[in-house]
K.L.:
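First, the structure itself, so that you have it in front of you.
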There are 4 protein chains.
Amino acid sequence: MSAPATPARPARRHDPGRRDRLVDTALDVIAERGVTAATHRAIARAADVPLGSLTYHFDSLTDLLAAAFSRHVDTVAARFDERMRAAPDRAAALEILVEHLTGDLLGSPRDLVLAVELYVAAARNPALRAVTQDWMSRSRRSLERHLDPVNAREVDALVEGLVLHSALSTDPMDAAQIRSALRRLAG
Amino acid sequence: MSAPATPARPARRHDPGRRDRLVDTALDVIAERGVTAATHRAIARAADVPLGSLTYHFDSLTDLLAAAFSRHVDTVAARFDERMRAAPDRAAALEILVEHLTGDLLGSPRDLVLAVELYVAAARNPALRAVTQDWMSRSRRSLERHLDPVNAREVDALVEGLVLHSALSTDPMDAAQIRSALRRLAG
Amino acid sequence: MSAPATPARPARRHDPGRRDRLVDTALDVIAERGVTAATHRAIARAADVPLGSLTYHFDSLTDLLAAAFSRHVDTVAARFDERMRAAPDRAAALEILVEHLTGDLLGSPRDLVLAVELYVAAARNPALRAVTQDWMSRSRRSLERHLDPVNAREVDALVEGLVLHSALSTDPMDAAQIRSALRRLAG
Amino acid sequence: MSAPATPARPARRHDPGRRDRLVDTALDVIAERGVTAATHRAIARAADVPLGSLTYHFDSLTDLLAAAFSRHVDTVAARFDERMRAAPDRAAALEILVEHLTGDLLGSPRDLVLAVELYVAAARNPALRAVTQDWMSRSRRSLERHLDPVNAREVDALVEGLVLHSALSTDPMDAAQIRSALRRLAG
DNA sequence: AATGAATGAGTATTCATTCAT
DNA sequence: TATGAATGAATACTCATTCAT
């Protein structure tokens, strides 16, 4: 009887950076199948890692999900702030916001889905609410580079509503409509 | 509690209207503990009804949840349309919308929670998406009694964003801010 | 390919009295392998029943263990009280106690083991402490048919110590020694 | 707490006496949370020592527990023998025994709990039975400084029963009752 | 028509021990 | 010498659904 040539997983006892990889994989699973499907098992399978590895690196599933969402928020918020900072004036900022919305958020299903999943999960899980609140405040601070605080908050709410509408509606608004609405609201 | 140890219920074999009662109870459970906690068992216990009764009346849990959300949307959308219809003009309509938002939606945790739960559930469950789309279009049609279609859609998006913000934020916007934003957006 | 003649478990969908059987089986597992080995899985395997059946009939493992120990205590305490009641006088009662100790408790490994397992489990598990306290008080009441209350309690403590000694010692005391000690203590 | 997220400990690579400290800590954990909660992880955390350190110093968890119980028995048995040796006569010895019981054993929850935990663990774990037997024989030898061997064993059994009763009962016996019972049994 | 029992797949989590560094 | 990472088996428990009565 010959030994199997390539066993499924070749005993990868040394795997530095696995913790990081798990966070990324968790995010992938959330994006592809939703937070409620992001179980220990599903993530372990997607990362090709034994089940016990997850609970070794993260005390609870919530911890892992929070780490994953945090990383996502970091990426998205940093990118958004960079763009706002690069905008020379208010008009340019609004135009960049439109691009950001239609391009990154509404354009890529992944970012959109992750945003909605985070909203949803945070609604029931206090540990995740810290992540959404961080996101909100960073987003608002970025807008405040060009808008006054009250206005920044209003625009932020509209952005969120547009995201949600886009996720659930069959015929989302196009760039021109979004631009027009933002300009009116941003005064 | 161990199963056969609960003879409390007196075997109510004839119980017309039970199906209706189950739908209402399902909604209560969703509002109080979230969609993911709305299991057969939880609903059966809350309705004081044997477990088998649920699968007798509903082919699947999704069917029951869809029925529950549908009933909720019917109630809310009808109430909103009634109010819009009663508004004499556009200005009055906007003011009624502010009241609707700060009173019913943002004021009562129950309606807010149910809205977000429905958003979330629908994001992953196609059977529920029909319900959210019905809600959106009815809401838009109500707004179109006073706003042009494009504007109605923008306002609807802002409303949704405000609901979400209110659910997740620590310091939600007050009525004056909401009124001001709506007026600007509704031109 | 011929169908297997006798499949492992032939789909016993109807099995009245299973709850009772589970209690008995749990007691067997405790007696044979100890309380800490009395897991859902172990009991399910011993009873030839699917795992889910245990959690259907008992809300928690503790509930099941409590039911098992309760049944055991009922049996043992009833038998002891019957004997005490049958004793015509104090001297006869003491002699019967000796027989009870050397025969049932110290003689049969099963009863001895179950007693010690219950002591141990109760020391950490409040839900089981009710069972031990019930046992203690029933045992004392039986003794009080022939002994004054203070004396009954002393004798009860000695009996318990003898049980423990017998369980842990390599050379337990014999009937004559036990008789002598009891007579002295019972004055 | 997620594993790599705790850099609190400053990598104490040189730590003579750590083995000893681990034994003491194991005993603390047993006393506070019971033998079944005395896991590698729990002890490592309590001793502020990396997990691998436990398996480095002890071949198995049982080895560590045995070392811990042994040390405890050494302490307790030595203290008891010292007291028995100091007693001028039989009457004094009995009185010291009463004090020992009401003071050390029944008075301090720690010693009582450790005794019961050891009883329990030994009932199932042969490696620990050597420890209990050592304890019993040392205890008996101490008593034999003033009592004949048969009597010493009887008294020892009563003591054990009183310990158990005290651990499990809601209304333990007081010093006077214990003194009276011991005197009668010790003749 | 109605339901209690049954079931099997799934959930998060714990843990003793092994191993590569 | 010492340890952080890794692992696989085990734990209690939940649940949608099926089915015999």
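Every chain is numbered from 1 and lettered A, B, ... according to where its sequence line falls, protein lines coming before strand lines.
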K.L.:
Anything under 3.5 Å between a donor and an acceptor, one on a side chain of residues 60-67 of chain B, the other on a protein residue two or more places apart or in another chain? List them.
P.N.:
from: Ser60(B); atom 1: OG; to: Thr62(B); atom 2: N; distance (Å): 3.4
from: Ser60(B); atom 1: OG; to: Asp63(B); atom 2: N; distance (Å): 3.2

K.L.:
What side chain to side chain donor-acceptor pair (under 3.5 Å) pairs are there with at least one residue in residues 30-41 of chain C, not counting sequence neighbours?
P.N.:
none
K.L.:
Please state how far atom CZ in Arg19(D) lies from atom C1' in dT1(F), giving the value in whole angstrom units.
P.N.:
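From Arg19(D) CZ to dT1(F) C1': 15 Å.
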K.L.:
Would you tell me if any nitrogen or oxygen in the side chain of Arg45(C) comes within less than 4.0 Å of OP1 or OP2 on dA10(F)?
P.N.:
no
K.L.:
Specify the closest pair of heavy atoms between Val29(C) and Ala37(C), including all atoms of both residues, with the distance to one decimal.
P.N.:
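That would be CG1-O, 4.2 Å.
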K.L.:
With a 4.5 Å heavy-atom cut-off, do Val35(D) and Phe69(D) have their side chains touching?
P.N.:
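Side-chain contact under 4.5 Å: yes.
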K.L.:
Do Val73(D) and Leu118(D) make a side-chain contact, defined as non-hydrogen atoms from C-beta onward lying under 4.5 Å apart?
P.N.:
yes
K.L.:
Under the side chain to side chain donor-acceptor pair (under 3.5 Å) rule, collect the residues that match up with Arg110(A), sequence neighbours excluded.
P.N.:
Asp28(A)
K.L.:
Whole-Å distance between dA6(E) P and Asp48(C) CG?
P.N.:
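Checked: the CG to P distance equals 13 Å.
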K.L.:
With sequence neighbours excluded, what pairs up with Arg124(A) under the side chain to side chain donor-acceptor pair (under 3.5 Å) test?
P.N.:
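Expected list: Glu117(B).
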K.L.:
To the nearest Å, give me how far apart CZ (Arg21(C)) and C1' (dA6(E)) are.
P.N.:
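Interatomic distance, CZ of Arg21(C) to C1' of dA6(E): 13 Å.
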K.L.:
Want to settle it: does Gly52(C) or Leu51(A) sit nearer the 5' end of DNA chain F, counting the closest nucleotide to each?
P.N.:
Leu51(A)
K.L.:
List for me each residue that meets side chain to side chain donor-acceptor pair (under 3.5 Å) alongside Asn125(D), sequence neighbours excluded, and say none if there are none.
P.N.:
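Listed in chain order: nothing, the list is empty.
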K.L.:
Suppose we screen for side chain to side chain donor-acceptor pair (under 3.5 Å). Which residues come up paired with Ser53(A), at least two apart in sequence or across chains?
P.N.:
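Only Arg18(A) meet the side chain to side chain donor-acceptor pair (under 3.5 Å) criterion with Ser53(A).
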K.L.:
Hey, where does DNA chain E pair up into stems, meaning at least three consecutive Watson-Crick or G-U pairs with distances under 3.5 Å?
P.N.:
E:2-21 with F:2-21
K.L.:
May I have the distance from Asp15(A) (atom CG) to dC19(E) (atom P), rounded to whole angstrom?
P.N.:
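Rounding to the nearest Å, CG of Asp15(A) and P of dC19(E) are 18 Å apart.
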K.L.:
Counting only N and O atoms by type, is there a donor-acceptor contact under 3.5 Å from the side chain of Arg129(D) to the main-chain atoms of Ala121(D)?
P.N.:
no
K.L.:
Between the main-chain N or O of Pro50(B) and the side-chain N or O of Arg45(B), is there a donor-acceptor pair closer than 3.5 Å?
P.N.:
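The answer is no, because no donor-acceptor pair under 3.5 Å joins these two groups.
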K.L.:
Near DNA chain F, counting only heavy atoms under 4.0 Å, which residues of residues 31-42 of chain B show up?
P.N.:
Thr39(B), His40(B), Arg41(B)
K.L.:
Tell me, which of residues 53-68 of chain D have any heavy atom that sits under 4.0 Å from an atom in DNA chain E?
P.N.:
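Listed by number, they are Thr55(D), Ser60(D), Leu61(D).
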K.L.:
OP1 or OP2 of dT3(E) less than 4.0 angstrom from a side-chain nitrogen or oxygen of Arg18(B), does that happen here?
P.N.:
yes
